[in-house]
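What follows is a short report on a single structure.
Start at 1 with the first residue, then count along the sequence.
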Amino acid sequence: MTVVLALGIAGFATIRADPKYATTVTFFVTTPNQGVSDAYQGGLFLQQRVKSYVDLLRSDRLARAVVDSRDFGLTTQEARSRITARVQPDTVLVEATVVDSDQARSVDLAREISTRFVELVQRIETPTGTDRAPVRVEVVDGPRLDPEPVSPRPVRDLPLAGLLGLLAGIVLAALRGITDTTVRDEAGLREAAQTPLLGRVPFENAARTEPLIVDDAAHSPRAEAVRKLRTNLRFVNLGEAVQVIAVTSAMQSEGKSTMACNLSIALAEAGWRVLLVDADLRRPHVAEYMGMEAGVGLTDVLIGEVAVEDVLQPWGDVPLSVLPSGALPPNPSELLGSAAMAELLTTLKGHADIVVVDTAPLTSVTDGAVIAAQCDGALLVTRRGKTTASQVAAATTALRAAGARILGAVLNMSALPKADAYQYAAYRVAPATPVRPRVPGTSGKAMAPAQKTGGDDAKRTRARKLSKASR
């Protein structure tokens, strides 16, 4: 990304920049001598002296003399900024370069400098009372104009920009690795949560508009990952009954509600009678995702206004029922930690083989820990690249402090390796009519499809029933 950005900036600058041309003039500095000894002493003297001439070429005094000699349309400072100078190594040759966007003005400035600089050195170096300077400056090359612009140079500038972008990317990646404390892989989540990793659900752009693993999304890598999570849950904590599962997260926007919905769908597709409960009484999303009425639900059952059987809503053609949140209460923590909630969970076990409970985030409020403690186990959902290791650790601490049993963690919105995506595509099977297994505990007959949710008539009928139940 940094390479592309650097190349883009360099390309834009190259297009917008005015070409600049360089004219070079070379001076030879010498001193009169009488024999070899004088020549040696004079050479040492001049090598030290020419260093000062570089500064003199870039001085205000020379620039002022140049602009005063003729009208270049430049100020003293503008003329000075166009002049550079250097001494050729181990010589007494001084090279002056004038860079300007106007080729003709670049040559004229260099020509005027070659005249004014010689005069200025003679005037400065001539001792008072004499008319002969111990140093003589002559032009030995130029002014010479380079026909190719010195700036911009795409052939040089673009590769250099790419190299700088690459170096910047390496530095940023290193800094990110040092400063980034978010959970980015399975090993990091295991270490932070100190609990088994039960699944890794890949990120998909389509999940923003189609959060549920139904229709086309039922045959995506994300759906297959949820089915793997379903399988892993069957083998966790062997010997201990896990019928009520709380799905929670450390922070908001980690995908826990979507995970609870999709896990319920996957369990129901496997033939289990599933009941999904929205126990996030602060920001409920289950009814919205499942396309259901949310006006009457858990809150109304807990305060005794309706019976739970009257507000359970069937979903789809699988054995899945949903208990929405209902009205938002002013005291969700007290309501969820009440004896009525414990009694309700016991009642719900008789309505389903598995009860999935969506709860509030753990580090924001205590609701999630309160309800998780009343469930058979909790599933911790963590979003890759968003939740820090310390936040995951704080969430697991909150669960253990409340006495909740942690079944494991799920890394949500993880990166999907290309090799895994290829393997899934190669073995993808999408039957036109899915075959449903029998309901566990039945005599082996095919599971009876539940009432299909959807359609304006069905929604109006359900709303009338809920309204009648609430009265």
Side-chain angles (χ1 to χ4, degrees), residues 180-204 207 211 213 221-238 240 242-264 266-267 276 279-280 354-417 420:
D180 187 8
T181 59
T182 59
V183 175
R184 307 196 68 85
D185 52 28
E186 294 91 333
L189 180 55
R190 281 196 210 95
E191 182 179 355
Q194 294 296 304
T195 189
L197 181 70
L198 298 183
R200 182 192 67 185
V201 180
F203 171 80
E204 290 181 3
I213 52 171
R222 178 167 57 99
E224 188 62 29
V226 175
R227 297 186 190 106
K228 289 180 181 179
L229 172 61
R230 174 190 66 192
T231 302
N232 291 338
L233 278 173
R234 291 182 57 192
F235 297 100
V236 69
N237 291 326
L238 291 176
E240 299 182 51
V242 179
Q243 187 176 0
V244 184
I245 302 172
V247 180
T248 186
S249 62
M251 306 294 294
Q252 300 178 27
S253 303
E254 295 197 63
K256 64 171 183 60
S257 297
T258 306
M259 187 69 66
C261 294
N262 286 330
L263 179 60
S264 300
L267 288 167
L276 173 60
D280 187 346
I354 300 177
V355 179
V356 179
V357 184
D358 180 32
T359 71
L362 295 167
T363 58
S364 303
V365 290
T366 61
D367 304 13
V370 168
I371 193 64
Q374 302 180 65
C375 298
D376 297 330
L379 188 65
L380 182 64
V381 178
T382 300
R383 179 175 174 178
R384 174 188 178 272
K386 181 179 186 295
T387 313
T388 64
S390 61
Q391 290 169 339
V392 173
T396 55
T397 300
L399 288 173
R400 293 189 175 101
R405 183 167 137 212
I406 304 176
L407 301 177
V410 179
L411 184 63
N412 198 22
M413 304 186 195
S414 66
L416 179 65
D420 292 354

Could you tell me whether Asp358 and Lys256 have a side-chain N and a carboxylate O separated by less than 4.0 Å? yes
Among residues at least two apart in sequence or on other chains, which ones pass salt bridge (Lys or Arg N to Asp or Glu O under 4.0 Å) with Arg383? none
Between the side chain of Thr359 and the main-chain N/O of Val247, is any donor-acceptor distance below 3.5 Å? yes
Working for side-chain contact (heavy atoms from CB on, under 4.5 Å), residues Val355 and Val357: CA-CA 6 Å; Val355 179; Val357 184; 4.0 Å; yes
Between Thr387, Thr382, Thr388, which is the residue that forms a side chain to side chain contact (heavy atoms under 4.5 Å, CB included) with Thr182? Thr388
Shortest non-hydrogen contact from Ala266 toward Arg230: O-NH1, 2.6 Å
Donor-acceptor check, side chain of Ser364 to backbone of Pro361, threshold 3.5 angstrom: yes or no? no
Which pairs of donor and acceptor atoms, one on a side chain in residues 191-198, lie under 3.5 Å apart (sequence neighbours left out)?
from: Gln194; atom 1: NE2; to: Glu191; atom 2: O; distance (Å): 2.6

Please check this pair: side chain of Thr248 against backbone of Ala360, looking for a donor-acceptor N/O pair closer than 3.5 Å. yes
May I ask you to test the Leu229-Leu263 pair for a side-chain heavy-atom distance under 4.5 Å? yes
Quick one: do Glu254 and Asn412 satisfy side-chain contact (heavy atoms from CB on, under 4.5 Å)? Show the steps, please. CA-CA 7 Å; Glu254 295 197 63; Asn412 198 22; 5.8 Å; no
Return yes when atom NZ of Lys386 has more than 12 non-hydrogen atoms of other residues, nucleotides or ligands closer than 6.0 Å, and no otherwise. yes
Check against side-chain contact (heavy atoms from CB on, under 4.5 Å), Val201 and Met259: CA-CA 9 Å; Val201 180; Met259 187 69 66; 3.6 Å; yes
Any ion pair linking Arg200 and Glu186 (charged N to carboxylate O, less than 4.0 Å)? yes
Measure from the side-chain N and O atoms of Thr363 to the backbone N and O of Ala250, and report whether any donor-acceptor pair falls under 3.5 Å. yes
Tell me, with the steps shown, if Asp367 and Asp280 meet side-chain contact (heavy atoms from CB on, under 4.5 Å). CA-CA 8 Å; Asp367 304 13; Asp280 187 346; 5.8 Å; no
Counting only N and O atoms by type, is there a donor-acceptor contact under 3.5 Å from the side chain of Asp376 to the main-chain atoms of Val244? yes
